[in-house]
Visitor: 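Got a structure here, written out as structure tokens. Questions coming.
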Amino acid sequence: MSRASRRTKNILLVVALILIAIGMFLSRNAESGEFPAAARFAVTDLQGTGLKLEDLITKGPVLLDFWATWCKPCAASLPELQAMHETYADRGLTVVGVSIDGPRNFSKVRPFVARTGLTYPIVLDHDGRLQRDFHVTAVPTAVLIDRTGAIVRVRQGYRPGEDRNLAAEIEALLIANAVPAVTDSTPADSTNSGSP
Amino acid sequence: VKQSRAAALLLLTMTVAIAWPAVLPAQPAGTSISVTNLMEAQSGNTPFTPPTNRFGFYDQLNLDVTTGEVRLGLRFEADHSSEDQFTYDEITQRYAEWANPRIRVRVGNFYTILGRGLIHRSFELPGVVLDQPGLRSRYGPSRDVDGVLLEGSAGPFQAIGFSGAPNGGDVSPGLEPEGLERYVGQVSGLELSATPWRNARLGTAYTRVGTASNQRELGTAFIDVDPLLAAGVRGFQLPLYLEYARENATAGEWTSFSMADSVPHALYAGANLIRGAFTLSAEWKDYAGFRLGTNDPPSLVKEHSWQLLNRATHVLNATLEQGFQVEGSWSLPGRGDVTVNRSRSDGRFATGPVRFEETYVELHLSPAGWPVEANLFHDSGKDEFSFISRRRAAGGLGRVHLTGDLSFEAQVERQSSRRATENFVDLFSSISVARAGLGTLALSWERTTDPQEEDPEKSGTPPVDPRHFFSGTISAPLSGNHEIVLFAGERRGGRACTAGTCYEVLSFKGVELRLTSRL
């Protein structure tokens with residue numbers, strides 16, 4: 001096989017792989033309205049409290065915020081996340097800050113959290129597992145997970161004022177949670193009872 | 001022809017990524033698919049390097065499929081350029097994983113850390129794309145291990161075990177056909193740890209690393225505890241971390257805690273004192289003969305986000321280095337905070353001792369209820385590792401929230417340095433306007449009188465002709481799943497650090513487009 005034809009084949013391979021991946025994504029969202037499922041995780045926060053996604057979503061939506069002590073946009077976004085925690089925690093939202101600081105900055109995380117006045121749980125992504133499971137390619141990245149465990153929104157980067165869009169989506173999820181799920185509470189056999 | 005082909009590929013990828021309608025059936029029930037694609041295209045080249053219209057296209061696709069407790073994944077990378085050298089399209093990582101709440105088994109490429117990374121840390125730098133200096137082939141830097149990883153926990157006990165071939169992270173897949181291997185040697189490790197009470201962890205770990213003819217064995221033990229929390233003291237936090245590692249040591253030798261330069265060892269100790277809005281952190285390191293290539297001991301020099309300080313930072317050489325870092329901060333709620341940092345690294349080489357040290361002060365002003373915030377900093381020190389006998393830097397950043405959605409930011413930095421008999425000055429400034437949900441427009445200007453970066457055609461004749469770097473960047477979300485960044489102008493190269501790891505970035509002049517798609 002000539003170099004040119006091998007190159008053409010390689011290019012076609014790249015394009016085909018990208019097409020397949022994007023097609024799968026678009027079909028999922030456009031046709032079925034489904035969202036990708038969040039990777040299940042069980043971690044321990046800085047206070048030693050265990051956090052398990054399966055348990056957190058029973059209370060309501062979960063907002064994972066990937067940040068780092070050296071990241072200026074992250075620092076700018078944290079007050080708004082703290083405000084979301086204060087506003088929505090009672091209604092079921094759990095905000096979890098995931099520090100992607102490496103070993104070089106592990107010891108900076110607690111002082112940073114104290115200085116910034118964050119009161120929501122913070123976890124250290126020691127081995128980078130959460131970053132990879134959630135495909136984080138930049139910080140800050142906020143991932144909103146609904147009660148079914150699906151990722152309904154990913155916000156990469158931060159611009160002042162963008163918290164309002166995120167807050168609106170959280171509000172919508174919380175309202176949906178608050179509406180009694182009539183069909184879910186109906187006994188299974190009653191739907192097939194054949195009653196007039 | 002090559003450029004047309006690459007341009008066609010770029011256009012096709014962009015079109016598909018943004019607008020292609022669904023053509024494949026929905027995923028099977030109970031199966032979740034996650035895809036992220038990072039595409040970067042460049043037209044231009046490193047300054048003073050022909051051709052000036054070099055075209056490059058890099059793509060990285062990460063695909064994960066989860067079904068119940070099983071997870072499969074791969075990374076596909078491709079790099080092509082108009083020079084048609086060191087190009088590749090291949091699956092660079094793949095794995096299969098089975099995990100339940102107690103056990104995780106992974107076969108293929110993986111990342112992990114033992115202790116604080118003194119004897120082993122495998123990791124990657126997400127979102128970073130590097131260009132192989134000299135040979136020009138782009139890749140996503142990854143220091144993964146290709147092998148088997150086992151993790152388990154039972155009650156307060158945890159265990160990690162692994163074995164595989166380590167990736168040095170400094171070779172592009174495009175260079176493998178030339179005989180440069182990405183995965184060299186073997187690394188195996190085991191860590192046993194326990195959490196006897198809340199917020200306390202202690203453990204021990206062992207690794208064996210090297211090639212068949214050159215094996216190194218290393219052992220470590222660590223403790224991570226907050227004695228005040230354990231004692232029930234409220235109002236104060238005092239988290240402490242201590243880890244000591246040795247090579248080829250018996251238990252008796254290990255407990256001698258030798259710090260002699262002739263004994264390969266690594267000591268890392270860190271402490272925080274936190275009392276409300278006041279925090280104090282102190283760290284100490286002492287490394288000798290611990291540059292393994294498969295570990296990542298903490299550097300201790302502060303990681304800066306300021307452009308000039310980030311470039312002028314110190315890169316750890318664990319062959320023979322010791323030092324400390326102390327940082328204090330105090331915040332006034334509704335007004336801002338102040339941070340003071342002092343760090344030092346002493347290298348001991350055959351040619352004599354060398355020192356990096358700096359004193360850094362930052363003031364952050366954020367008055368409650370005001371649509372304005374500002375950061376001001378001053379930094380002074382020296383870096384004898386880079387022959388800088390004196391360095392001073394100062395600068396600031398101001399951000400104004402013009403309306404609810406619109407914000408404006410301006411940043412200025414200045415650094416003066418002395419290298420041997422040369423004095424030079426670096427300047428950096430940028431302005432940006434951002435609108436929530438729409439995007440950001442940023443313009444930057446950088447100037448340097450560093451003789452080492454002078455235009456080769458003008459160098460050699462004093463005074464130094466300053467180099468200027470102008471650039472503009474537009475970044476914007478495209479729908480909820482795509483983020484586009486368009487750069488045009490000249491980018492200064494040099495050292496850069498992300499997430500605690502430093503690497504060299506090539507300078508670039510031209511146009512660069514980056515599209516990140518989350519699928």
Visitor: Below 4.5 Å, heavy atoms only, C-beta onward: do A:F112 and A:W67 meet side chain to side chain?
Guide: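 SC-SC contact between A:F112 and A:W67 confirmed.
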Visitor: With only heavy atoms counted, which part of B:E124 is less than 4.5 Å from chain A, the side chain, the backbone, both or neither?
Guide: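 Contact with chain A: side chain only.
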Visitor: Between chain A and each of B:S305, B:S331, B:S366, count heavy-atom pairs under 4.5 Å; write down the option with the most.
Guide: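 Top count of heavy-atom pairs under 4.5 Å with chain A: B:S305.
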Visitor: Which atoms of A:E54 come close to chain B, meaning under 4.5 Å heavy atom to heavy atom: side chain ones, backbone ones, both, or neither?
Guide: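 Interface part for A:E54: neither.
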Visitor: Nearest 0.5 Å, what's the OG1-CG distance between B:T279 and B:L273?
Guide: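 Reported value, rounded in 0.5 Å steps: 8.5 Å.
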Visitor: If I measure from the heavy atoms of chain A, does B:D224 come under 4.5 Å with its side chain, its backbone, both, or neither?
Guide: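 Neither part.
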Visitor: Salt bridge between B:D64 and A:R132, side-chain N to carboxylate O under 4.0 Å?
Guide: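 Looking at B:D64 and A:R132, the cut-off is not met.
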Visitor: Between atom CZ of B:R75 and atom CD of B:Q93, what is the distance when rounded to the nearest 0.5 Å?
Guide: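 That separation rounds to 4.5 Å.
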Visitor: Do the side chains of B:S122 and B:D144 get nearer than 4.5 Å, heavy atoms only?
Guide: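 Not touching, per the 4.5 Å side-chain cut-off.
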Visitor: At a heavy-atom separation under 4.5 Å, does A:A37 approach chain B through its side chain, its backbone, both, or neither?
Guide: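 Both parts, backbone and side chain.
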Visitor: Quick one: is the NZ or CZ of B:R116 closer than 6.0 Å to the six-membered ring centre of A:F106, and within 45° of its axis?
Guide: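 No, cation not above the ring by the 6.0 Å, 45° rule.
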Visitor: Between B:R121, B:H304, B:H401, which has the largest tally of heavy atom pairs under 4.5 Å with chain A?
Guide: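 Most heavy-atom pairs under 4.5 Å with chain A: B:R121.
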Visitor: With a 4.5 angstrom heavy-atom cut-off, which part of A:D101 approaches chain B: side chain, backbone, both or neither?
Guide: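 Contact with chain B is absent: no heavy atom of A:D101 under 4.5 Å.
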Visitor: Could you tell me the separation between the NE2 atom of B:H482 and the OG1 atom of B:T516, rounded to the nearest 0.5 Å?
Guide: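 So the NE2 of B:H482 and the OG1 of B:T516 are separated by 10.5 Å.
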Visitor: Answer with side chain, backbone, both or neither: which region of B:E69 has an atom nearer than 4.5 Å to a non-hydrogen atom of chain A?
Guide: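 Answer is neither: B:E69 stays 4.5 Å or more from chain A.
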Visitor: Against chain A, label B:E90 side chain, backbone, both or neither, depending on which of its atoms sit under 4.5 Å from a heavy atom there.
Guide: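 Contact with chain A involves no heavy atom of B:E90 at all.
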Visitor: With a 4.5 angstrom heavy-atom cut-off, is it the side chain or the backbone of B:R435 that approaches chain A, or both, or neither?
Guide: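 Interface part for B:R435: backbone (N, CA, C, O).
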Visitor: At a heavy-atom separation under 4.5 Å, does A:I151 approach chain B through its side chain, its backbone, both, or neither?
Guide: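 Neither part.
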Visitor: Between A:G48, A:G102, A:P111, A:G161, which has the largest tally of heavy atom pairs under 4.5 Å with chain B?
Guide: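 Result: the option with the highest number of such pairs is A:P111.
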Visitor: Using non-hydrogen atoms and a 4.5 Å limit, figure out which bit of A:R129 sits close to chain B: side chain, backbone, both or neither.
Guide: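 The side chain, not the backbone.
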Visitor: Is there side-chain contact between B:F76 and B:D89, with heavy atoms separated by less than 4.5 Å?
Guide: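 Answer yes - side chains close enough.
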Visitor: Where on A:A138 is there a heavy atom nearer than 4.5 Å to chain B: the side chain, the backbone, both, or neither?
Guide: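 Neither part; nothing is under 4.5 Å.
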Visitor: Tell me, for B:S407 versus chain A, whether the close heavy atoms (under 4.5 Å) come from the side chain, the backbone, both or neither.
Guide: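 Only the side chain of B:S407 comes within 4.5 Å of chain A.
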Visitor: Given that the side chain runs from C-beta out, which part of B:Q60 has a heavy atom under 4.5 Å from chain A: side chain, backbone, both or neither?
Guide: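 When you check distances to chain A, no heavy atom of B:Q60 falls under 4.5 Å.
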Visitor: May I ask you to name which of A:T49, A:T116, A:D133, A:T44 has the most heavy-atom pairs under 4.5 Å with chain B?
Guide: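 The option with the most such pairs is A:D133.
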Visitor: Using 0.5 Å steps for rounding, measure from the CD1 atom of B:I274 to the OG atom of B:S281.
Guide: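 Reported to 0.5 Å precision, the distance equals 8.5 Å.
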Visitor: Using non-hydrogen atoms only, which part of A:Q131 is less than 4.5 Å away from chain B: side chain, backbone, both, or neither?
Guide: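 Contact with chain B is through the side chain of A:Q131 alone.
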Visitor: Under a 4.5 Å heavy-atom cut-off, does chain A meet the side chain of B:T339, its backbone, both or neither?
Guide: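 Contact with chain A involves the side chain of B:T339 alone.
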Visitor: Let me know if B:F278 has heavy atoms under 4.5 Å from chain A in its side chain, its backbone, both or neither.
Guide: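 Answer is neither: B:F278 stays 4.5 Å or more from chain A.
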Visitor: What's the verdict on side chain to side chain contact (heavy atoms under 4.5 Å, CB included) for B:F123 and B:T501, showing C-alpha distance, side-chain angles and the deciding distance?
Guide: CA-CA 10 Å; B:F123 62 100; B:T501 302; 3.3 Å; yes
Visitor: Heavy atoms only, distances under 4.5 angstrom: which of A:R153, A:H126, A:R110 has the most pairs with chain B? Name it, please.
Guide: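 Option with the greatest count: A:R110.
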Visitor: I want to check something: taking the side chain as every heavy atom from C-beta on, are A:R104 and B:C502 in contact at a cut-off of under 4.5 Å?
Guide: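 Touching, per the 4.5 Å side-chain cut-off.
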Visitor: Between A:F134 and chain B, with a heavy-atom cut-off of 4.5 Å, which part of the residue counts as in contact: side chain, backbone, both or neither?
Guide: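 Only the backbone of A:F134 comes within 4.5 Å of chain B.
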Visitor: Side chain, backbone, both or neither: which part of A:D45 has a non-hydrogen atom closer than 4.5 Å to chain B?
Guide: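 Answer is neither: A:D45 stays 4.5 Å or more from chain B.
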Visitor: Is it possible for you to check whether B:K302 lies under 6.0 Å from the centre of the six-membered ring of A:W70, through NZ or CZ, and within 45° of that ring's axis?
Guide: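 Judged by the rule (NZ or CZ under 6.0 Å from the ring centre, within 45° of its axis), B:K302 is not positioned above A:W70.
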Visitor: Which atoms of B:L397 are under 4.5 Å from chain A, going by heavy atoms: the side chain, the backbone, both sets, or neither?
Guide: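 Looking at B:L397, just its side chain touches chain A.
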Visitor: Examine whether an atom of B:D296 lies under 4.5 Å from a heavy atom of chain A, and if so say whether it belongs to the side chain, the backbone or both; otherwise answer neither.
Guide: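 Interface part for B:D296: both.
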Visitor: With a 4.5 angstrom heavy-atom cut-off, could you sort out which part of B:R104 is near chain A: side chain, backbone, both or neither?
Guide: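 The answer is the side chain of B:R104.
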Visitor: Using the side chain to side chain contact (heavy atoms under 4.5 Å, CB included) rule, take B:E409 and A:K72 through it: C-alpha gap first, then chi angles, then the decisive distance, then the call.
Guide: CA-CA 12 Å; B:E409 188 177 294; A:K72 277 203 161 40; over 6 Å; no
Visitor: Are the side chain of A:D127 and the backbone of B:I113 linked by a donor-acceptor contact shorter than 3.5 Å?
Guide: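 Flag not set: sc A:D127 to bb B:I113 has no pair under 3.5 Å.
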Visitor: Is it the side chain or the backbone of B:V128 that comes within 4.5 Å of chain A heavy atoms, both, or neither?
Guide: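 Neither part.
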Visitor: Identify which part of B:S299 has an atom lying under 4.5 Å from any heavy atom of chain A, answering side chain, backbone, both or neither.
Guide: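 B:S299 touches chain A through backbone and side-chain heavy atoms alike.
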Visitor: Can you find a pair of side-chain heavy atoms, one from A:R91 and one from A:E171, that are under 4.5 Å apart?
Guide: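 When only atoms from C-beta onward are counted, A:E171 and A:R91 do touch, with a gap below 4.5 Å.
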Visitor: Are the side chains of B:Q325 and A:S107 in contact, using a 4.5 Å heavy-atom criterion?
Guide: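 With C-beta onward as the side chain, the pair stays apart.
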